[in-house]
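Here is how names work: the chains are called A, B, and so on, in the same order as the sequence lines, proteins then strands, and each is numbered from 1.
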2 protein chains.
Amino acid sequence: MPNKDGAGPRWMHGKFKCCGYRMTKPREAILDVLGNTQEHLSAEDIYLAVHKFYPNIGLTTVYRNLEMLVNMGMVVKFDFGEGRSKYELSDNYSGKGHHHHLVCKKCYKVIDYSDFMKDEVKFLKNTEDGLSKKYEFNITDHLIQFFGICKKCSTK
Amino acid sequence: MPNKDGAGPRWMHGKFKCCGYRMTKPREAILDVLGNTQEHLSAEDIYLAVHKFYPNIGLTTVYRNLEMLVNMGMVVKFDFGEGRSKYELSDNYSGKGHHHHLVCKKCYKVIDYSDFMKDEVKFLKNTEDGLSKKYEFNITDHLIQFFGICKKCSTK
DNA sequence: AATGTTAATGACAACCATTATCATTAAATA
DNA sequence: TATTTAATGATAATGGTTGTCATTAACATT
């Protein structure tokens with residue numbers, strides 16, 4: 001799963017360099033893991049995946065890098081109510097494209113959906129504009145999640 | 001702030017009784033606190049407020065009751081990214097009415113807004129219907145939050 | 001009002017995701 | 001290759017939340 005050539009995409013290196021950061025093996029491995037899954041991974045999930053190839057990379061490092069990547073906007077952190085955060089590459093860096101989440105409250109399975117975005121975009125634009133003006137808030141983000149019970153969980 | 005008569009609204013007692021639950025002093029005090037604030041309180045906030053009048057009510061009891069009230073649908077639990085959950089009475093039991101949240105990412109101030117709900121309701125209905133059908137999910141809830149920087153935080 | 005049943009409590013320990021500390025290592029640059 | 005300092009890894013600490021268990025008190029029944 002990780003890039004065995006040890007280089008990683010060129011643009012990535014640039015991205016880090018120009019911020020005064022370095023491209024390190026753990027950082028690259030973490031991005032690799034995030035880039036090669038459709039799942040929503042916890043810090044520990046990522047740690048375990050990375051650990052297979054680089055057994056000396058520690059959990060602390062994973063947390064540190066995730067925090068940094070979130071701050072850089074390359075990774076997004078989600079809370080699905082499971083007691084631990086989940087991470088995924090942000091829209092610009094993942095193949096998934098813009099999507100939102102549908103979360104099962106029982107098994108915490110998460111479905112990405114990107115249908116129904118037309119209404120949503122309109123609604124979001126309106127609301128963000130209105131709220132920004134009225135409450136003098138500089139809105140940078142939104143979180144839209146639907147919760148429910150998935151098919152599997154509803155039949156047991 | 002708590003009802004000194006020690007009775008509380010009648011309908012509440014009924015609500016609990018018919019589920020096999022009991023109306024206890026801690027439970028009542030917690031509901032009282034939640035019913036008499038416009039703030040979004042953490043478990044500890046509630047504990048401290050309750051503690052003033054009933055110093056022997058413990059934090060564990062607060063957590064236990066909150067969990068139970070959330071399961072009953074009387075209280076809603078929110079995560080604003082602060083590292084601890086916040087609680088408020090659900091729409092049906094609070095004077096606030098249906099609203100959503102605008103959260104400052106720096107100071108975690110939360111603004112309730114109920115403007116712009118017209119678009120939202122339409123959008124939500126559409127999306128929920130579509131998602132339910134397509135993904136065979138029984139949708140029960142949604143979470144809509146806007147994040148940004150409040151005026152105060154942006155000028156310092 | 002007294003009693004019995006059992007939901008609920010309170011004190012404390014345990015849990016577990018996340019963060020802080022700090023000596024050591026290794027990217028990037030010259 | 002040497003220098004600088006960002007980044008690492010091991011470990012301890014933090015802090016919100018949950019589990020345990022003996023005790024208490026709501027409520028229905030008598």
Side-chain angles (χ1 to χ4, degrees), chain A residues 5-8 10 12-31 40-48 50-51 53-72 74-75 77-87 108, chain B residues 5-8 10 12-31 40-48 50-51 53-72 74-75 77-87 108:
Chain A
D5 56 29
R10 210 132 275 225
M12 262 188 192
H13 285 247
K15 192 85 191 168
F16 286 108
K17 267 191 209 165
C18 73
C19 301
Y21 298 130
R22 296 169 184 175
M23 176 53 96
T24 64
K25 213 178 297 181
R27 192 158 296 165
E28 194 181 338
I30 289 165
L31 285 168
H40 307 82
L41 303 179
S42 68
E44 197 188 358
D45 293 335
I46 296 167
Y47 163 72
L48 290 174
V50 161
H51 192 78
F53 294 93
Y54 303 103
N56 42 348
I57 292 176
L59 182 56
T60 309
T61 298
V62 173
Y63 271 108
R64 250 188 318 235
N65 276 293
L66 286 172
E67 188 193 2
M68 189 253 226
L69 293 166
V70 168
N71 287 336
M72 286 181 68
M74 296 183 69
V75 170
K77 182 179 182 180
F78 287 100
D79 175 9
F80 297 128
E82 212 177 341
R84 57 180 150 183
S85 299
K86 296 291 186 78
Y87 299 84
Y108 294 108
Chain B
D5 57 30
R10 212 136 271 239
M12 266 188 189
H13 284 246
K15 194 87 190 167
F16 287 108
K17 266 191 211 168
C18 71
C19 300
Y21 298 132
R22 297 169 183 175
M23 175 52 96
T24 64
K25 215 178 292 179
R27 190 158 298 165
E28 193 180 338
I30 289 166
L31 286 168
H40 307 81
L41 303 179
S42 67
E44 196 188 358
D45 292 336
I46 295 167
Y47 163 71
L48 290 173
V50 161
H51 192 79
F53 294 94
Y54 302 102
N56 42 347
I57 291 177
L59 182 55
T60 310
T61 298
V62 173
Y63 272 107
R64 252 190 315 237
N65 275 294
L66 285 172
E67 189 194 1
M68 188 255 225
L69 293 166
V70 168
N71 287 336
M72 285 182 68
M74 297 183 69
V75 169
K77 181 179 182 178
F78 287 101
D79 175 7
F80 297 129
E82 210 178 343
R84 58 179 149 185
S85 299
K86 296 291 185 78
Y87 299 84
Y108 294 107

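- The phosphate of C:dA20 has neither OP1 nor OP2 within less than 4.0 Å of any side-chain N or O from A:T60.
- Atom CZ of A:F78 is separated from atom C1' of C:dA17 by 19 Å (rounded to the nearest Å).
- Using a distance-only test at 3.5 Å, with no hydrogens or angles considered, no donor-acceptor pair links the side chain of B:Y47 to the main chain of B:Y63.
- A:S85 comes within 4.0 angstrom of sugar-phosphate atoms only, judged by non-hydrogen atoms across all strands, and of no base.
- The backbone N or O of B:M68 lies less than 3.5 Å from no partner atom in the side chain of B:N71, so there is not a single donor-acceptor pair.
- Phosphate contact (OP1/OP2 of C:dT9, side-chain N/O of B:N65, threshold under 4.0 Å): present.
- Summarising the geometry, the separation between OH on B:Y47 and C1' on D:dT17 is reported as 15 Å, rounded to the nearest angstrom.
- Spacing between atom NZ of B:K17 and atom C1' of C:dA8 amounts to 16 Å, rounded to whole angstrom units.
- Rounded to whole angstrom, the span from the CG atom of B:L59 across to the C1' atom of D:dG16 amounts to 9 Å.
- Straight-line distance from the CG atom of B:L48 to the C1' atom of D:dG16: 14 Å, rounded to whole Å.
- Rounded to an integer number of Å, the gap from B:Y63 OH to C:dA11 P is 16 Å.
- The interatomic distance linking A:E28 (CD) with D:dA7 (P) rounds to 14 Å, in whole Å.
- Side chain of B:M23, nearest nucleotide from D:dC27, C:dA8, D:dT17: D:dC27.
- Residue B:T24 places none of its side-chain N or O atoms closer than 4.0 Å to OP1 or OP2 of D:dA26.
- In this structure, B:I57 and B:P26 approach most closely via the heavy-atom pair CD1-CA, 3.6 Å.
- Of the candidate nucleotides D:dA6, D:dG9, C:dA8, D:dA6 has the atom lying nearest to any side-chain atom of A:Y21.
- Within a 6.0 Å sphere centred on CZ of A:F78, other residues, nucleotides and ligands contribute more than 12 heavy atoms.
- The backbone N or O of B:K17 lies less than 3.5 Å from no partner atom in the side chain of B:R22, so there is not a single donor-acceptor pair.
- Of all nucleotides listed (D:dA6, D:dT17, C:dT18), D:dA6 comes nearest to the side chain of A:R22.
- At least one side-chain nitrogen or oxygen of B:R27 sits closer than 4.0 Å to the OP1 or OP2 atom of C:dA8.
- Here B:R64 lies in heavy-atom contact (under 4.0 Å) with a base.
- In this entry the distance linking CD1 of B:I46 with P of D:dT17 reads 11 Å, nearest Å.
- Of the candidate nucleotides D:dA7, C:dT18, C:dG10, D:dA7 has the atom lying nearest to any side-chain atom of A:M68.
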